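Read the structure below first, then the notes.
Quick note on labels: first sequence line is chain A, next is B, and so on, each numbered from 1. What you see is a predicted model; the values in this text were computed from it and never measured.
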2 protein chains.
Amino acid sequence: MTNIRKVAEMAGVSVATVSRTLKSPDIVSPGTREKVLSAVEQAGYRPNLMAVQFRSQKTRNLVVLVPTIANTFFARVISGIQDAASQHGYAVLLCNTLGDELAERDYAEMVTNRQADGVIQLRAFNPFEEAAAHPPIMVNACEVMDDAPCPRVYLDNRAAARVMTEHLLELGHRRIGMIKGPRQSPLTRDRVQGFRDALAAANIELDESLLCPGDFTLESGYRAAIALVEARERPTAIFCENDEMAIGAIQCIKEQGLRVPDDISVAGFDDIAFARYCDPPLTTISQPAEDFGHEAVALLLGLMDGGVQRDARRVMPFKLVTRDSTGQVPS
Amino acid sequence: MTNIRKVAEMAGVSVATVSRTLKSPDIVSPGTREKVLSAVEQAGYRPNLMAVQFRSQKTRNLVVLVPTIANTFFARVISGIQDAASQHGYAVLLCNTLGDELAERDYAEMVTNRQADGVIQLRAFNPFEEAAAHPPIMVNACEVMDDAPCPRVYLDNRAAARVMTEHLLELGHRRIGMIKGPRQSPLTRDRVQGFRDALAAANIELDESLLCPGDFTLESGYRAAIALVEARERPTAIFCENDEMAIGAIQCIKEQGLRVPDDISVAGFDDIAFARYCDPPLTTISQPAEDFGHEAVALLLGLMDGGVQRDARRVMPFKLVTRDSTGQVPS
DNA sequence: CTGAAAGCGCTAACAC
DNA sequence: GTGTTAGCGCTTTCAG
């Protein structure tokens with residue numbers, strides 16, 4: 001393994017000079033620089049990053065904890081994280097945790113163990129020991145803890161859900177079902193709350209039986225829709241907490257011989273790529289997924305260099321995207 | 001920063017004993033072990049992995065080069081890679097390269113730089129210098145190079161495409177269009193070849209104008225379908241080289257007022273989760289995506305410890321999944 | 001502008 | 001069973 005000492009010998013200088021030439025070429029004399037660089041070239045020398053990291057106590061690695069990479073929304077967030085990270089010279093250690101808290105703790109420990117400099121957690125769970133001596137070097141994004149001990153990047157889910165519900169109300173819907181996300185998720189709670197807000201503001205009483213559990217997968221949307229379609233008094237619209245469930249629901253509704261939106265309107269959340277290409281194209285809330293990633297990285301780097309406080313937060317914008325899956329209430 | 005020396009002092013032993021206690025507890029005496037462990041506990045000591053890695057010249061990191069994480073098929077492959085990797089104590093450095101060769105080279109260099117122990121490349125491109133002194137520690141999976149200087153994991157794409165084409169022929173289709181993947185991809189070439197094989201075996205001449213370019217995105221499937229639907233002599237079936245394009249194509253066909261499969265049959269490739277939930281559910285080729293990841297990791301670890309040769313290859317199984325998007329040719 | 005040398009935290013000979 | 005010590009490759013004082 002060709003190391004800095006060998007290069008130093010070849011160039012007839014000290015290892016310090018080689019190091020300096022590579023790090024700050026301008027502080028060595030042109031003659032020396034040339035000698036060193038040509039030795040580096042000739043030896044095919046590549047600094048051993050492991051040693052550099054060890055010496056400098058910086059890994060330039062970021063750990064990203066993602067509940068499931070198979071969700072296309074998260075895939076976009078990760079794209080954004082990686083973009084921003086590599087722009088700043090950081091690599092991304094990806095951990096598809098599937099919500100396994102043990103796995104999340106293990107991976108978070110990579111920071112404690114100095115295999116990584118910081119963590120971006122995309123789920124509402126603190127993977128660090130509560131009573132840790134040092135506050136965690138972490139940013140919580142997308143699905144955030146209410147009491148996160150770190151900067152957060154999130155959407156005002158309550159407001160977004162309210163906007164979508166208002167859209168349905170404007171179309172004349174009065175009996176609206178909802179397919180929720182996982183019970184423990186703050187996302188679910190906030191979106192349900194926004195849904196309730198809008199109904200309350202319109203003086204409509206919510207039939208609690210129209211709140212169906214789901215888990216953000218296509219399958220769960222499909223299953224929940226069965227219950228709603230077969231309800232004694234069928235809703236005229238269904239608001240799904242993400243697009244995957246909405247697509248599952250639409251498929252189910254059509255298989256039951258009903259039409260979307262003529263018989264039932266369906267709305268989603270996220271605006272994934274498939275939303276535009278399902279039948280009918282899906283009305284949904286679009287979120288700047290990649291920007292979540294960019295912001296999370298910016299906050300994390302800021303946290304590491306002290307420019308960002310633990311209580312920092314970024315609320316990302318959303319937009320109602322109306323397509324053809326929602327329409328006037330049937331008369 | 002609490003290090004091994006501090007723990008040694010606290011326990012009243014040498015650093016070597018602390019190291020031994022942590023690595024092979026059974027070779028130290030029970031009394032010493034207890035002293036050390038309680039000192040570790042009390043100090044909240046965590047070994048500095050950076051130092052361990054540096055010392056042992058092993059990072060236990062794997063770099064994964066993925067063309068685009070937004071593709072749900074790749075997302076599953078990555079899941080599989082991560083599973084297998086963490087089972088063997090390796091972390092995954094994910095690189096969403098978007099096919100940027102410069103980025104791929106940069107990331108591959110993490111191995112040269114000893115930030116990672118090996119690379120899994122999911123695209124048909126060699127990110128290492130051709131004339132490198134040492135052969136690359138890499139496994140090529142999914143989209144493989146014909147002359148990869150490393151183990152490969154792949155599907156027999158030609159055979160799979162032939163099987164799908166035969167399915168369409170059996171349904172009576174004689175005029176079949178194809179929406180291809182990116183021109184440079186060996187996947188595209190092999191699938192087109194399998195398509196040609198099947199037609200040739202059935203004595204059907206292929207109208208080259210029915211071979212449409214695409215790039216594996218929903219959008220490109222949609223666009224390509226426009227051309228096929230408007231062709232002077234419309235095909236009765238379209239074979240798409242992945243499910244995303246098939247879903248885009250179906251949407252386009254329906255918007256043109258045609259029915260799937262009554263007017264045009266559509267087939268995909270990959271069997272992503274959405275394939276089951278589109279309308280109509282998609283006939284496609286299913287691939288064991290996660291297993292690609294598992295196998296790739298197994299080969300890479302084998303390559304590193306010498307148990308696997310550079311010319312190793314694993315051909316993964318596929319299965320024709322017939323759903324409702326393909327049907328009898330219209331009379 | 002350059003060299004000598006210390007030392008980051010850990011492991012593994014080697015000696016006892 | 002345990003301690004002493006060298007050294008992984010690099011950066012960075014500190015002298016010159």
Side-chain angles (χ1 to χ4, degrees), chain A residues 1-40 43-61 89 109-117 134, chain B residues 1-40 43-61 89 109-117 134:
Chain A
M1 204 93 307
T2 150
N3 60 17
I4 199 172
R5 198 159 48 247
K6 212 143 357 183
V7 174
E9 277 167 28
M10 288 173 58
V13 299
S14 72
V15 295
T17 299
V18 176
S19 177
R20 279 192 279 257
T21 307
L22 263 24
K23 277 215 100 92
S24 8
D26 33 311
I27 68 165
V28 304
S29 75
T32 316
R33 185 168 38 205
E34 206 173 322
K35 271 193 303 185
V36 172
L37 290 179
S38 89
V40 164
Y45 171 67
R46 325 251 55 196
N48 182 331
L49 261 282
M50 225 145 68
V52 174
Q53 292 176 357
F54 170 51
R55 180 61 231 246
S56 61
Q57 301 285 28
K58 287 246 144 265
T59 63
R60 306 227 118 206
N61 287 156
E109 206 151 321
M110 296 183 83
V111 175
T112 319
N113 290 342
R114 280 142 295 194
Q115 289 219 88
D117 299 341
H134 304 288
Chain B
M1 205 94 305
T2 152
N3 61 19
I4 199 170
R5 198 158 50 246
K6 212 141 3 184
V7 174
E9 277 166 27
M10 288 173 57
V13 299
S14 73
V15 294
T17 300
V18 176
S19 178
R20 279 191 279 256
T21 307
L22 264 22
K23 278 216 99 93
S24 8
D26 34 311
I27 67 165
V28 303
S29 76
T32 316
R33 184 168 39 205
E34 207 172 322
K35 272 193 300 185
V36 172
L37 290 179
S38 88
V40 165
Y45 170 68
R46 323 251 57 194
N48 182 330
L49 260 283
M50 226 145 68
V52 174
Q53 291 176 358
F54 170 51
R55 182 60 232 245
S56 62
Q57 301 285 28
K58 288 245 143 264
T59 63
R60 305 227 119 206
N61 288 157
E109 205 151 321
M110 296 182 83
V111 174
T112 320
N113 290 341
R114 279 141 294 193
Q115 289 218 88
D117 299 340
H134 305 286

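Annotation: the span from B/Asn3 atom CG to B/Glu9 atom CD amounts to 8.5 Å, rounded to 0.5 Å. One distance of note links CZ of B/Arg55 with CZ of A/Phe54; it measures 10.5 Å at 0.5 Å rounding.
Residues B/Gln115 and A/Asn61 share a closest heavy-atom pair of OE1-ND2, 4.4 Å. Closest non-hydrogen pair, A/Ile27 versus A/Arg20, comes out as CD1-CD, 3.5 Å. Across every non-hydrogen atom of A/Lys58 and B/Met50, the tightest pair is N-CE, 3.8 Å. For the pair B/Ala43 and B/Met10, the tightest heavy-atom approach, listed with the atom from each and the gap, is CB-SD, 3.8 Å.
A side-chain donor-acceptor contact under 3.5 Å links B/Arg114 to the backbone of A/Arg46.
Along DNA chain C, the stretch of nucleotides lying under 4.0 Å from any heavy atom of chain A spans, 5' to 3', C/dC1 to C/dG9. In summary, contact between chain B and DNA chain D, defined as any nucleotide atom under 4.0 Å from a heavy atom of the protein, begins and ends at D/dG1 to D/dG9 in the 5' to 3' direction.
Applying the side-chain contact (heavy atoms from CB on, under 4.5 Å) test to A/Ile4 and every residue at least two apart in sequence or in another chain returns A/Val15, A/Val18, A/Ser19, A/Tyr45. For B/Ser14, the side-chain contact (heavy atoms from CB on, under 4.5 Å) partners are B/Ala16, B/Thr17, not counting sequence neighbours. For the salt bridge (charged side-chain N to carboxylate O under 4.0 Å, His left out) test, no residue two or more places apart in sequence or in another chain qualifies with B/Arg5. Residues satisfying the side chain to side chain donor-acceptor pair (under 3.5 Å) test with A/Asp117, not counting sequence neighbours, are A/Thr59.
Inter-residue side-chain proximity for A/Asn113 and A/Met110 is flagged as unmet; no heavy-atom pair is nearer than 4.5 Å. Under the 4.5 Å side-chain criterion, counting only non-hydrogen atoms from C-beta, B/Val28 is not in contact with B/Val36.
Non-hydrogen atoms lying under 4.0 Å from DNA chain C are contributed by A/Arg20, A/Val28, A/Ser29, A/Thr32, all within residues 19-32 of chain A. Of the residues in residues 44-52 of chain A, A/Tyr45, A/Pro47, A/Asn48, A/Ala51, A/Val52 come within less than 4.0 Å of DNA chain D through at least one heavy atom, sorted by number. Looking at residues 2-10 of chain A, you'll see A/Asn3, A/Ile4 sit with a heavy atom under 4.0 Å from some atom of DNA chain D.
The stretch residues 26-36 of chain A participates, sequence neighbours left out, in these side chain to side chain donor-acceptor pair (under 3.5 Å) pairs: A/Ser29-A/Thr32.
Of the two residues near DNA chain C, A/Arg55 and B/Arg55, the one whose nearest nucleotide lies more 5' is A/Arg55. Both B/Val15 and B/Phe54 lie near DNA chain D, and the one whose nearest nucleotide falls closer to the 5' end is B/Val15. The nearest heavy atom of DNA chain D to B/Gln57 and to B/Val13 marks one nucleotide each, and the one closer to the 5' end goes with B/Val13.
End-to-end axis angle for the helix from C/dC1-D/dG16 to C/dC16-D/dG1, using five pairs per end and rounding to 10°, comes out at 40°.
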